[in-house]
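Inspection log for the structure reproduced underneath, given as structure tokens.
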Amino acid sequence: MSLLIRNARILTLAQGARPRRGKELGDLGIIPSGAVLVADGKIVAAGDKVEAPADAEIIDAQGRVLMPGFVDCHTHACWAGDRLDEWEMKLRGVPYLEILKKGGGIHATVKAVREATQKQLAASLRDRLGVMLREGTTTVEVKSGYGLNTENEMKMLRAIRRAAAEWPGTVAATALIGHAFEGELEEYVRMVVKDMLPEVAKEFPDIAVDAYCEEGAWSVEACVRLFEKARKHHPIRVHADQFNSLGMVPEAVRLHARSVDHLEASTKKDLILLAQSPTCGVILPCTGLHTDQRFTRSRLFIQEGGALALATNCNPGTSPTHSMPLAIATAVRFCGLTPAEAITAATVNGAAVLGLTDRGTIAPGQRADLILLHHKDERTLAYELGGNPVDTVICGGQKIA
Ligand code: NIG
């Protein structure tokens, strides 16, 4: 059966399936009052006059905003345990990298993940995905990275696949096989490249491969070694310049990474280089909100024509949130984005980071992942703090809530 959402303020974002760069981020392709027809999980028509079959189910939007579902393109939403004690330490001033160096941080979650079964990991991820969906996220990337050995990285990736199968939205898994290390870095990297990467590739042939380039985590040389091998078969992504600018950005551009994520400590030169390259920049402003109030100089990146995406970075250490509306509200307050730019970064540009061209816009043939807000003005998404702006979620053409 078909579904018609009528009398809506529609943010189509429809100017072709490609990442928006620079000034384009501000163009939401608005139809002030129109309708969207959905059938068989896809958008059939969108415009100010849309014909619908007589038996179509009708939703009257009453002038409220209808837009693409959020695409959260950077999360570590599969984890076990909690980091509440560590958070109290941070509140008392102990830095993140010092906790990591002493075997806490990522390593604390690694311990909890190793102790959890695949079924337990899948169940807790499934719960988080449920909350995300109610707040409008219809596509989410979920990274491994808390296994740190082949057995446990594979357990995480299988748990992500299992949770994804039970969720109406789309989960894009990423193999974060360079998140931290045990023992000597050089030997560890050798093991990842020789053993872990082939194991991952065998079972997850198209998966993106990611690493964390940072002091106390992976060096630039280690990341490059992994990526030179991985990029032959996988898209590559990298966490870079979160606390220290180590020189990963030029390497990521050279290696044609799909994205460089974080960028809080990037130099002006590197931000401009990235902005002028095909690689997307992903900002994670809830991380600064939760940890140390440092944010990416996103205005510069946009002014230089960069393709910017925005994500939650949902994880137990630096960003304990699943909320794209909060990411939008934070990006507008602390990264200098306009509400329209933040909406573009949270939808079509997030999809581009994941290599998905069938979503993030409202146009015929696109997957019918739509959200109807409670509000008539999309700027309320950025203005409101802490509420759920989403009234109705339509995911793959199905009305969810
Ligand atoms: O992107 N910094 C590296 N990875 C995550 C944090 C993971 C954790 O602390 O558990 C991030 O912030």
Side-chain angles (χ1 to χ4, degrees), residues 72-91 94-114 116 121 124-125 128 140-148 152-153 156 160 174-182 208-220 222-223 226 237-246 248 252 257 259-266 281-296 309-322 326-327 330 350 353:
D72 189 351
C73 68
H74 182 132
T75 87
H76 306 252
C78 182
W79 79 78
D82 69 63
R83 305 254 286 273
L84 290 165
D85 293 341
E86 176 186 300
W87 178 55
E88 285 212 306
M89 283 164 70
K90 277 198 222 129
L91 289 176
V94 186
Y96 178 84
L97 287 182
E98 198 173 311
I99 294 172
L100 180 67
K101 204 153 93 195
K102 291 198 170 125
I106 294 169
H107 295 289
T109 303
V110 168
K111 186 167 179 295
V113 162
R114 286 180 177 174
L121 288 173
S124 59
L125 172 57
R128 289 178 198 121
V140 60
E141 183 256 21
V142 183
K143 299 177 196 295
S144 64
Y146 293 123
L148 288 200
N152 283 287
E153 284 298 311
M156 284 195 78
I160 295 167
T174 293
L176 175 52
I177 52 181
H179 201 188
F181 63 95
E182 289 177 320
V209 168
D210 198 344
Y212 179 34
C213 185
E214 185 52 78
E215 277 176 16
W218 279 45
S219 64
V220 175
C223 292
L226 170 63
R237 301 183 58 183
V238 65
H239 294 57
D241 299 354
Q242 181 177 10
F243 298 101
N244 298 286
S245 170
L246 302 183
M248 189 63 222
S259 71
V260 181
D261 306 40
H262 272 294
L263 305 165
E264 292 92 334
S266 295
V282 179
I283 55 167
L284 309 164
C286 296
T287 311
L289 183 69
H290 180 66
T291 57
D292 53 13
Q293 289 72 56
R294 290 180 312 107
F295 300 93
T296 310
L310 166 66
T312 61
N313 193 21
C314 174
N315 79 75
T318 63
S319 188
T321 180
H322 49 265
L326 180 64
T330 309
V353 168

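As the structure is a computational prediction, the values presented were derived from the model and not from experiment. Ligands are counted one by one from 1 in listed order, and the atoms in each one are counted from 1 as well.
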When you measure from atom 1 (O) of ligand 1 to every protein heavy atom, which one gives the shortest distance, and what is it?
His262 NE2, 2.8 Å
Could you grab the distance from atom CD of Glu214 to atom SG of Cys223, nearest 0.5 Å is fine?
10.5 Å
May I ask you to check if ligand 1 and Gln242 share an N or O to N or O distance below 3.5 Å?
yes
Looking only at protein heavy atoms, which one is nearest to atom 9 (O) of ligand 1, and what is the separation?
Tyr96 OH, 2.6 Å
If we number the atoms of ligand 1 from 1 as shown, the ones under 4.0 Å from a heavy atom of Tyr146 are 7 (C), 8 (C), 10 (O)
Looking at Gly317, which atoms of ligand 1 are within less than 4.0 Å of one of its heavy atoms?
9 (O)
Return yes or no for this condition: an N or O of Thr318 is under 3.5 Å from an N or O of ligand 1.
yes
Are any of the heavy atoms in Asn313 under 4.0 Å away from ligand 1?
yes
Once the angle between the rings of His239 and His179 is folded into 0 to 90°, is it parallel (under 30°), tilted (30 to 60°) or perpendicular (over 60°)?
tilted
Measure the OG1-CZ distance between Thr291 and Phe243 for me, rounded to the nearest 0.5 Å.
5.5 Å
Which atoms of ligand 1 are found less than 4.0 Å from any heavy atom of His76?
1 (O), 4 (N), 5 (C), 11 (C)
Parallel, tilted or perpendicular: rings of His74 and His262 (30°, 60°):
perpendicular
Taking only residues two or more places apart in sequence or in another chain, which ones pass side-chain hydrogen bond (donor to acceptor under 3.5 Å, both in side chains) with Glu141?
Lys143, Thr174, Arg237
Please check this pair: side chain of Thr312 against backbone of Cys314, looking for a donor-acceptor N/O pair closer than 3.5 Å.
yes
For Gly317, does its backbone N or O pair with a side-chain atom of Lys90 as donor and acceptor, under 3.5 Å?
yes
If the contact criterion is a heavy-atom separation under 4.0 Å, does His179 count as touching ligand 1?
yes
